[in-house]
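Shown next, in C-alpha coordinates, is the structure this report addresses.
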Number of protein chains: 2
Amino acid sequence: MTAHGYSIGQLARQASCKVETVHYYEKTGLMPEPPRTEGGHRIYSLVDIKRLNFIRRCRQIGFTIEQVKELLKFIDEPDHYCGEVKAMAMQQIDVVESKIRDLEHLRDALFEMIARCKGGNYTIDDCPIIDALYMSE
Amino acid sequence: MTAHGYSIGQLARQASCKVETVHYYEKTGLMPEPPRTEGGHRIYSLVDIKRLNFIRRCRQIGFTIEQVKELLKFIDEPDHYCGEVKAMAMQQIDVVESKIRDLEHLRDALFEMIARCKGGNYTIDDCPIIDALYMSE
DNA sequence: ATAGAACCTGTAGCAACTACAGGATCAAGG
DNA sequence: CCTTGATCCTGTAGTTGCTACAGGTTCTAT
(Lines give C-alpha, C1' and ligand atoms only; values in the text may rest on other atoms or scores of the structure.)
Protein backbone atom coordinates (compact mmCIF):
# COMPACT_ATOMS: atom_id res chain seq x y z
CA MET A 1 0.00 0.00 0.00
CA THR A 2 1.12 3.59 -0.60
CA ALA A 3 3.08 5.84 1.74
CA HIS A 4 -0.12 7.32 3.17
CA GLY A 5 -2.16 4.25 3.94
CA TYR A 6 -2.13 0.85 5.57
CA SER A 7 -3.83 -2.29 4.41
CA ILE A 8 -6.02 -4.20 6.86
CA GLY A 9 -3.29 -6.80 7.16
CA GLN A 10 -0.69 -4.19 8.12
CA LEU A 11 -3.13 -2.65 10.57
CA ALA A 12 -3.84 -6.00 12.18
CA ARG A 13 -0.13 -6.77 12.52
CA GLN A 14 0.47 -3.40 14.18
CA ALA A 15 -2.08 -4.28 16.83
CA SER A 16 -1.21 -7.97 17.03
CA CYS A 17 -4.64 -9.14 16.07
CA LYS A 18 -6.30 -10.94 13.21
CA VAL A 19 -7.76 -9.37 10.10
CA GLU A 20 -11.06 -10.99 10.96
CA THR A 21 -11.03 -9.25 14.29
CA VAL A 22 -10.81 -5.89 12.54
CA HIS A 23 -13.74 -6.88 10.35
CA TYR A 24 -15.61 -7.79 13.48
CA TYR A 25 -14.81 -4.49 15.13
CA GLU A 26 -16.03 -2.67 12.05
CA LYS A 27 -19.26 -4.66 12.03
CA THR A 28 -19.86 -3.90 15.69
CA GLY A 29 -19.05 -0.22 15.28
CA LEU A 30 -15.78 -0.01 17.20
CA MET A 31 -13.71 0.66 14.11
CA PRO A 32 -14.83 3.06 11.36
CA GLU A 33 -15.65 2.14 7.79
CA PRO A 34 -12.49 3.39 6.13
CA PRO A 35 -12.04 4.62 2.56
CA ARG A 36 -11.36 1.96 -0.04
CA THR A 37 -9.18 1.44 -3.07
CA GLU A 38 -10.80 1.24 -6.51
CA GLY A 39 -10.92 -2.49 -6.05
CA GLY A 40 -12.58 -2.29 -2.65
CA HIS A 41 -9.66 -2.88 -0.29
CA ARG A 42 -9.78 -0.93 2.97
CA ILE A 43 -7.26 1.87 3.50
CA TYR A 44 -6.33 2.77 7.07
CA SER A 45 -4.40 5.66 8.59
CA LEU A 46 -2.22 6.15 11.66
CA VAL A 47 -5.25 7.28 13.63
CA ASP A 48 -6.87 3.93 12.93
CA ILE A 49 -3.80 2.08 14.21
CA LYS A 50 -3.96 4.06 17.42
CA ARG A 51 -7.66 3.38 17.72
CA LEU A 52 -7.25 -0.34 17.20
CA ASN A 53 -4.44 -0.47 19.77
CA PHE A 54 -6.65 1.41 22.20
CA ILE A 55 -9.41 -1.13 21.67
CA ARG A 56 -7.04 -4.08 22.08
CA ARG A 57 -5.56 -2.65 25.26
CA CYS A 58 -8.98 -2.00 26.73
CA ARG A 59 -10.01 -5.57 25.90
CA GLN A 60 -6.87 -7.00 27.48
CA ILE A 61 -7.60 -4.90 30.54
CA GLY A 62 -10.91 -6.66 30.79
CA PHE A 63 -13.36 -4.09 29.48
CA THR A 64 -16.23 -5.57 27.49
CA ILE A 65 -16.93 -4.43 23.94
CA GLU A 66 -19.80 -2.32 25.26
CA GLN A 67 -17.51 -0.65 27.77
CA VAL A 68 -14.94 0.03 25.09
CA LYS A 69 -17.70 1.69 23.10
CA GLU A 70 -18.33 3.95 26.08
CA LEU A 71 -14.66 4.80 26.32
CA LEU A 72 -14.45 5.48 22.60
CA LYS A 73 -17.29 7.95 22.94
CA PHE A 74 -15.00 9.95 25.20
CA ILE A 75 -12.53 10.10 22.35
CA ASP A 76 -15.04 10.63 19.56
CA GLU A 77 -17.21 13.22 21.25
CA PRO A 78 -15.40 16.28 22.57
CA ASP A 79 -17.85 17.32 25.28
CA HIS A 80 -17.15 14.75 27.94
CA TYR A 81 -15.25 15.13 31.15
CA CYS A 82 -12.34 13.25 32.48
CA GLY A 83 -14.26 12.47 35.64
CA GLU A 84 -16.48 10.07 33.73
CA VAL A 85 -13.47 8.15 32.53
CA LYS A 86 -12.04 8.07 36.03
CA ALA A 87 -15.32 6.67 37.34
CA MET A 88 -15.27 3.88 34.77
CA ALA A 89 -11.68 3.06 35.63
CA MET A 90 -12.53 2.87 39.33
CA GLN A 91 -15.49 0.64 38.66
CA GLN A 92 -13.25 -1.59 36.59
CA ILE A 93 -10.79 -1.83 39.49
CA ASP A 94 -13.58 -3.19 41.67
CA VAL A 95 -14.40 -5.82 39.08
CA VAL A 96 -10.76 -6.78 38.70
CA GLU A 97 -10.14 -6.97 42.43
CA SER A 98 -13.15 -9.17 42.95
CA LYS A 99 -11.91 -11.49 40.19
CA ILE A 100 -8.51 -11.62 41.88
CA ARG A 101 -10.10 -12.57 45.19
CA ASP A 102 -12.10 -15.36 43.56
CA LEU A 103 -9.03 -16.76 41.90
CA GLU A 104 -7.02 -16.59 45.11
CA HIS A 105 -9.66 -18.61 46.91
CA LEU A 106 -9.62 -21.11 44.14
CA ARG A 107 -5.84 -21.35 44.19
CA ASP A 108 -5.86 -21.89 47.93
CA ALA A 109 -8.44 -24.63 47.58
CA LEU A 110 -6.34 -26.36 44.95
CA PHE A 111 -3.22 -26.04 47.09
CA GLU A 112 -4.94 -27.56 50.03
CA MET A 113 -6.19 -30.46 47.98
CA ILE A 114 -2.74 -31.10 46.64
CA ALA A 115 -1.19 -30.88 50.05
CA ARG A 116 -3.53 -33.56 51.34
CA CYS A 117 -2.91 -35.76 48.31
CA LYS A 118 0.09 -38.02 48.47
CA GLY A 119 -0.41 -38.86 44.81
CA GLY A 120 0.11 -41.96 42.75
CA ASN A 121 0.28 -44.56 45.42
CA TYR A 122 -3.37 -45.21 45.87
CA THR A 123 -6.47 -45.35 43.72
CA ILE A 124 -9.24 -42.92 43.08
CA ASP A 125 -11.40 -44.23 45.86
CA ASP A 126 -9.09 -42.61 48.35
CA CYS A 127 -8.00 -39.53 46.43
CA PRO A 128 -8.52 -36.47 48.60
CA ILE A 129 -8.88 -34.17 45.60
CA ILE A 130 -11.76 -36.08 44.09
CA ASP A 131 -13.12 -36.47 47.56
CA ALA A 132 -13.07 -32.76 48.25
CA LEU A 133 -14.90 -32.02 45.04
CA TYR A 134 -17.25 -34.95 45.00
CA MET A 135 -18.41 -35.11 48.58
CA SER A 136 -20.67 -32.23 49.39
CA GLU A 137 -20.87 -30.77 52.82
CA MET B 1 -41.52 -36.99 42.82
CA THR B 2 -41.46 -40.14 44.93
CA ALA B 3 -39.28 -40.89 47.93
CA HIS B 4 -36.64 -42.51 45.78
CA GLY B 5 -36.19 -40.04 42.97
CA TYR B 6 -35.67 -36.39 42.14
CA SER B 7 -37.08 -34.42 39.25
CA ILE B 8 -34.74 -32.42 37.08
CA GLY B 9 -35.99 -29.26 38.74
CA GLN B 10 -35.16 -30.57 42.22
CA LEU B 11 -31.78 -31.71 40.98
CA ALA B 12 -31.03 -28.32 39.49
CA ARG B 13 -32.06 -26.55 42.68
CA GLN B 14 -29.78 -28.80 44.73
CA ALA B 15 -26.83 -27.73 42.62
CA SER B 16 -27.92 -24.11 42.16
CA CYS B 17 -28.10 -24.30 38.42
CA LYS B 18 -30.71 -24.15 35.69
CA VAL B 19 -32.68 -27.06 34.33
CA GLU B 20 -31.37 -26.17 30.89
CA THR B 21 -27.83 -26.52 32.17
CA VAL B 22 -28.58 -30.11 33.19
CA HIS B 23 -29.99 -30.78 29.73
CA TYR B 24 -26.83 -29.31 28.31
CA TYR B 25 -24.63 -31.50 30.51
CA GLU B 26 -26.59 -34.54 29.41
CA LYS B 27 -26.20 -33.62 25.76
CA THR B 28 -22.46 -33.14 26.19
CA GLY B 29 -22.07 -36.37 28.12
CA LEU B 30 -21.23 -35.03 31.58
CA MET B 31 -24.48 -36.19 33.10
CA PRO B 32 -25.99 -39.62 32.35
CA GLU B 33 -29.26 -40.27 30.59
CA PRO B 34 -31.38 -41.16 33.60
CA PRO B 35 -34.43 -43.43 33.73
CA ARG B 36 -37.74 -41.81 32.93
CA THR B 37 -41.29 -41.86 34.16
CA GLU B 38 -44.03 -43.33 31.94
CA GLY B 39 -44.58 -39.85 30.63
CA GLY B 40 -40.92 -39.24 29.84
CA HIS B 41 -39.81 -37.12 32.79
CA ARG B 42 -36.26 -37.72 33.98
CA ILE B 43 -35.76 -39.39 37.37
CA TYR B 44 -32.53 -38.68 39.23
CA SER B 45 -30.92 -40.22 42.29
CA LEU B 46 -28.63 -38.98 45.07
CA VAL B 47 -25.61 -40.09 43.07
CA ASP B 48 -26.69 -37.76 40.29
CA ILE B 49 -26.96 -34.86 42.73
CA LYS B 50 -23.43 -35.51 43.87
CA ARG B 51 -22.23 -35.75 40.32
CA LEU B 52 -23.85 -32.48 39.31
CA ASN B 53 -22.39 -30.73 42.32
CA PHE B 54 -19.00 -32.10 41.42
CA ILE B 55 -19.35 -30.73 37.91
CA ARG B 56 -20.49 -27.33 39.12
CA ARG B 57 -17.65 -27.08 41.61
CA CYS B 58 -15.11 -28.01 38.98
CA ARG B 59 -16.53 -25.40 36.64
CA GLN B 60 -16.44 -22.73 39.32
CA ILE B 61 -12.84 -23.67 39.98
CA GLY B 62 -12.09 -22.89 36.38
CA PHE B 63 -11.87 -26.32 34.79
CA THR B 64 -13.26 -26.48 31.26
CA ILE B 65 -15.95 -28.97 30.32
CA GLU B 66 -13.31 -31.14 28.68
CA GLN B 67 -11.23 -31.11 31.86
CA VAL B 68 -14.27 -32.01 33.91
CA LYS B 69 -14.81 -34.94 31.57
CA GLU B 70 -11.26 -36.07 32.34
CA LEU B 71 -11.90 -35.78 36.05
CA LEU B 72 -15.16 -37.68 35.75
CA LYS B 73 -13.29 -40.50 34.06
CA PHE B 74 -11.37 -40.88 37.30
CA ILE B 75 -14.66 -41.40 39.05
CA ASP B 76 -16.32 -43.54 36.38
CA GLU B 77 -13.40 -45.80 35.61
CA PRO B 78 -11.86 -47.56 38.57
CA ASP B 79 -8.35 -48.13 37.22
CA HIS B 80 -6.87 -44.66 37.49
CA TYR B 81 -4.41 -43.33 39.97
CA CYS B 82 -4.59 -40.39 42.26
CA GLY B 83 -1.34 -39.04 40.85
CA GLU B 84 -3.10 -38.16 37.61
CA VAL B 85 -5.63 -36.10 39.48
CA LYS B 86 -2.90 -34.38 41.44
CA ALA B 87 -1.11 -33.51 38.21
CA MET B 88 -4.25 -31.94 36.79
CA ALA B 89 -4.77 -29.92 39.95
CA MET B 90 -1.20 -28.66 39.81
CA GLN B 91 -1.54 -27.69 36.20
CA GLN B 92 -4.72 -25.86 37.08
CA ILE B 93 -2.87 -23.94 39.81
CA ASP B 94 -0.42 -22.68 37.21
CA VAL B 95 -3.26 -21.45 35.05
CA VAL B 96 -4.93 -19.76 37.98
CA GLU B 97 -1.76 -18.10 39.20
CA SER B 98 -0.98 -16.75 35.79
CA LYS B 99 -4.49 -15.31 35.58
CA ILE B 100 -3.98 -13.69 38.98
CA ARG B 101 -0.71 -12.11 37.85
CA ASP B 102 -2.35 -10.70 34.73
CA LEU B 103 -5.16 -9.20 36.75
CA GLU B 104 -2.76 -7.70 39.27
CA HIS B 105 -0.86 -5.98 36.48
CA LEU B 106 -4.07 -4.71 35.13
CA ARG B 107 -5.22 -3.43 38.50
CA ASP B 108 -1.91 -1.66 39.02
CA ALA B 109 -2.18 -0.03 35.63
CA LEU B 110 -5.68 1.18 36.42
CA PHE B 111 -4.56 2.48 39.81
CA GLU B 112 -1.74 4.41 38.25
CA MET B 113 -4.03 5.94 35.68
CA ILE B 114 -6.45 7.02 38.36
CA ALA B 115 -3.71 8.44 40.51
CA ARG B 116 -2.55 10.64 37.69
CA CYS B 117 -6.08 11.72 36.86
CA LYS B 118 -7.44 14.64 38.81
CA GLY B 119 -10.86 13.98 37.33
CA GLY B 120 -13.69 16.17 36.23
CA ASN B 121 -11.97 19.47 36.00
CA TYR B 122 -10.62 19.16 32.52
CA THR B 123 -11.74 17.68 29.26
CA ILE B 124 -10.89 14.47 27.50
CA ASP B 125 -8.03 16.00 25.55
CA ASP B 126 -5.96 16.06 28.68
CA CYS B 127 -7.26 12.97 30.46
CA PRO B 128 -4.32 10.83 31.53
CA ILE B 129 -6.36 7.63 31.45
CA ILE B 130 -7.40 7.99 27.86
CA ASP B 131 -3.91 9.15 27.13
CA ALA B 132 -2.33 6.07 28.66
CA LEU B 133 -4.55 3.78 26.66
CA TYR B 134 -4.63 5.73 23.44
CA MET B 135 -1.03 6.77 23.06
CA SER B 136 1.17 3.83 22.24
CA GLU B 137 4.66 3.52 23.53
C1' DA C 1 1.50 -11.20 -18.28
C1' DT C 2 1.02 -14.03 -14.62
C1' DA C 3 1.75 -16.22 -10.14
C1' DG C 4 0.59 -16.05 -5.58
C1' DA C 5 -0.15 -13.28 -1.61
C1' DA C 6 -3.50 -10.61 0.35
C1' DC C 7 -7.94 -8.92 0.19
C1' DC C 8 -13.35 -9.16 -0.24
C1' DT C 9 -18.21 -10.89 1.62
C1' DG C 10 -20.83 -14.06 3.91
C1' DT C 11 -21.67 -17.86 6.77
C1' DA C 12 -20.74 -21.18 10.29
C1' DG C 13 -18.30 -22.60 14.40
C1' DC C 14 -16.19 -22.31 19.30
C1' DA C 15 -17.35 -22.41 24.79
C1' DA C 16 -20.78 -22.79 28.08
C1' DC C 17 -24.56 -21.87 28.73
C1' DT C 18 -29.47 -19.23 28.51
C1' DA C 19 -33.91 -18.34 26.61
C1' DC C 20 -37.53 -19.17 24.26
C1' DA C 21 -41.66 -21.83 21.67
C1' DG C 22 -45.14 -25.01 21.58
C1' DG C 23 -46.64 -28.78 23.55
C1' DA C 24 -47.10 -32.97 27.12
C1' DT C 25 -47.25 -34.55 31.92
C1' DC C 26 -47.52 -34.36 36.76
C1' DA C 27 -49.33 -33.26 41.67
C1' DA C 28 -52.75 -31.13 44.35
C1' DG C 29 -57.26 -29.21 45.40
C1' DG C 30 -62.19 -29.41 44.77
C1' DC D 1 -62.49 -37.95 38.90
C1' DC D 2 -61.35 -33.73 36.92
C1' DT D 3 -59.26 -29.58 36.34
C1' DT D 4 -55.62 -26.19 36.99
C1' DG D 5 -51.20 -24.60 37.03
C1' DA D 6 -46.55 -25.81 37.83
C1' DT D 7 -43.19 -28.42 35.91
C1' DC D 8 -41.45 -31.08 32.36
C1' DC D 9 -40.37 -32.38 27.28
C1' DT D 10 -37.72 -31.43 22.61
C1' DG D 11 -35.73 -28.46 19.55
C1' DT D 12 -33.92 -24.23 18.00
C1' DA D 13 -31.86 -19.75 18.36
C1' DG D 14 -29.36 -16.25 20.98
C1' DT D 15 -25.33 -14.61 23.85
C1' DT D 16 -19.92 -12.76 23.74
C1' DG D 17 -15.83 -12.06 21.25
C1' DC D 18 -13.90 -13.61 18.28
C1' DT D 19 -11.95 -17.44 14.62
C1' DA D 20 -12.20 -20.19 10.47
C1' DC D 21 -13.55 -21.31 6.42
C1' DA D 22 -15.44 -20.96 1.24
C1' DG D 23 -15.36 -19.12 -3.05
C1' DG D 24 -14.18 -15.33 -5.39
C1' DT D 25 -11.54 -10.67 -6.57
C1' DT D 26 -7.57 -7.57 -6.40
C1' DC D 27 -3.04 -6.25 -5.68
C1' DT D 28 2.04 -6.61 -6.08
C1' DA D 29 6.21 -8.25 -7.78
C1' DT D 30 8.71 -10.54 -11.16
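Below, chains carry the letters A, B, ... as their sequence lines are ordered, and counting in each starts from 1. In this text, all values refer to a predicted model and were calculated from it rather than measured experimentally. All heavy atoms count here, side chains included; hydrogens, waters and symmetry mates do not.
- Checking the phosphate oxygens (OP1, OP2) of dC26(C), no side-chain nitrogen or oxygen of Ser7(B) falls inside 4.0 Å.
- What separates NE2 of His41(B) from P of dC8(D) is a distance of 8 Å, to the nearest Å.
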Audit row: Glu33(B), Arg42(B), salt bridge (Lys or Arg N to Asp or Glu O under 4.0 Å) steps and yes/no: CA-CA 8 Å; Glu33(B) 293 183 21; Arg42(B) 290 167 177 82; over 6 Å; no

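- In terms of phosphate contacts, Arg36(B) brings a side-chain nitrogen or oxygen within less than 4.0 Å of OP1 or OP2 of dT10(D).
- In this model, the phosphate group of dC8(C) is approached by a side-chain N or O of Arg42(A) to a distance below 4.0 Å at OP1 or OP2.
- Less than 4.0 Å separates DNA chain D from at least one heavy atom of each of the following residues of residues 13-26 of chain A: Lys18(A), Glu20(A), Thr21(A), Tyr24(A), Tyr25(A).
- For the pair Ile8(B) CD1 and dT25(C) P, the computed distance is 17 Å after rounding to whole Å.
- The closest side-chain donor-acceptor pair between Tyr6(A) and Arg13(A), if any, does not fall under 3.5 angstrom.
- The OG1 atom of Thr21(A) lies 11.5 Å from the CE atom of Met31(A); values are rounded to the nearest 0.5 Å.
- A donor-acceptor pair shorter than 3.5 Å can be found between the side chains of Arg56(B) and Tyr25(B).
- Neither Val95(B) nor Phe111(A) shares a network with the other; the hydrophobic side chains, linked directly or stepwise wherever heavy atoms of I, L, V, M, F, W or Y lie under 4.5 Å apart, form separate groups for each.
- Atom C1' of nucleotide dA16(C) and atom NZ of Lys69(B) are separated by 12 Å, given to the nearest angstrom.
- Taking side-chain N and O atoms only, Arg59(A) has a distance below 4.0 Å to OP1 or OP2 of dC18(D).
- Under 4.0 angstrom from either OP1 or OP2 of dG17(D) there lies no side-chain N or O belonging to Arg56(A).
- If you take CG on Leu11(B) and CG on Asp48(B), they are separated by 6.5 Å, rounding to the nearest 0.5 Å.
- Proximity note for Lys27(B) (side chain, C-beta onward) versus dT12(D), dA16(C), dC8(C): the nearest is dT12(D).
- Among the heavy atoms of the strands lying under 4.0 Å from Thr64(B) are primed sugar atoms or P, OP1, OP2 only; no base atom is included.
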